[in-house]
Amino acid sequence: MVFEKVKNILCEQLELNENEVTIDTSFEELGVDSLDLFQIIIEIEEEFGIQIEDAESIKTVREAVRFVEKNSGEVQ
Amino acid sequence: MNKVQVIGTGRYVPSRIISNEDLSCIVDTSDEWISSRTGIRERRISEGEDTSIIATKAAIKAIENARIRPEDIDLIIVGTITPDSFTPSTACKVQNNINAINATCFDVTAACSGFMYGLDIATQFIRSGASKTVLVIGAETLSKIINWKDRNTCVLFGDGAGAAILRVSNKEGILAIYRGSDGTKGHTLTCSAVPVSNPYVIEENIINPVSDKVEINGREVFKFAVKTIVNGVEKLLEDTNCSLEDIKYIVPHQANLRIIEAAAKKLGINEDKFYINLDRYGNTSGASIGIALDEVVEKNLIQPGDKILLIGFGGGLTYGGLIIEW
């Protein structure tokens, strides 16, 4: 499911434990800066085969998951 | 086909050091912001020396280290996006400065890949028999095309030059070459030249004024840069049947530490494999790999027989790389 995959990407990129990422976690809480966001978006794009144009508007895990669900055909 | 060796390198950077702290006095930024997002701590900024002077100083070092005479050089290639003038070329100015009377001279416009394209062209000229001794320089005075009011870009760049001498040899020193361009993404990293202006220009043909300073779409360029390092390293290794263990150092274009870290992670290798000096120079575009290569040589980090992988990427978009056996 999308959330699990997004969570894995976040944990991998930010070197976090799984329990640090929930659907309600904001990127700000995780200390994500603009370059972390680049990397996260690149990984999400590759994982789901989608293009994310307006990356800066995605601010929480939930928004990232929703974006993927809307654009990739994958559902939770 | 003739064989090619790199027989000497040189570098020059302006003496004026500008720290992150210094920049925080002219734009709203901080050492913490710049160093955490880029790895850059200081850069060299020209106090007036233009690109041909910076290029000449690096060239003189490379000529000394290669133990050749300027008149031995039959080709001079300068990779730059910041020439002194549209004409004469930077390469012709260097020719004049060093008295390389037997050389043919031209510039190559490939932004941060300029030094890679230059080494590539030099190799092809030597292999074909058209040249015997080539001077390749990557030289930039980026400080003159930076918007010093834009805190997102002015913190990234620096001035400098790196040079190398390539010569026909009985031993092959260039083991593999990687190159390419993607003009479809040209808009992601731009700096305009002069607009069309003459008595016959039709008003409707005048497009919106474009910036004559460097503009970057950070995310697109970041993505391109990471992919290029990963693909380039993999392709060059494949072409030479080498593994990463066979490579002493990877010298990437010194754009941003975070790009190098992301690429290292994707390649599954330790960052120590990468030679990094961007903390001291920032991004010097076409000069960066030449400067780094000269430092690697000067510090005796590579010995004869060692292999080193160079990989560049930049505006155009352009990319290129080589594996050199020292």
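In what follows, chains carry the letters A, B, and so on, assigned in the order in which the sequence lines appear, proteins first and then strands, with residues in each chain numbered from 1.
Other residues, nucleotides and ligands contribute more than 12 heavy atoms inside 6.0 Å of the NZ atom of B:Lys273. Atom CD of A:Glu4 is surrounded by more than 12 heavy atoms from other residues, nucleotides or ligands within 6.0 Å. The 12-atom threshold is not exceeded at CZ of B:Arg16, counting heavy atoms of other residues, nucleotides or ligands nearer than 6.0 Å.
Rounding to the nearest 0.5 Å places CG of A:Leu37 at 10.5 Å from CZ of B:Phe222. Note that the NZ atom of B:Lys265 and the CD atom of A:Gln39 stand 7.0 Å from one another [nearest 0.5 Å].
For A:Glu46 and B:Lys266, the salt-bridge test passes: some basic side-chain N is under 4.0 Å from an acidic carboxylate O. Between A:Glu43 and B:Lys223, no side-chain nitrogen of the basic residue sits less than 4.0 Å from a carboxylate oxygen of the acidic one, so the salt-bridge criterion is not met.
Using a 4.5 Å cut-off between heavy atoms, A:Glu12 touches chain B through backbone and side chain atoms alike.
Along residues 27-36 of chain A, the residues that come nearer than 4.5 angstrom to chain B, judged on non-hydrogen atoms, are A:Asp33, A:Ser34, A:Leu35, A:Asp36 in order of number.
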Chi angles and distances behind the side-chain contact (heavy atoms from CB on, under 4.5 Å) call for A:Phe38, B:Val226: CA-CA 11 Å; A:Phe38 291 170; B:Val226 174; over 6 Å; no
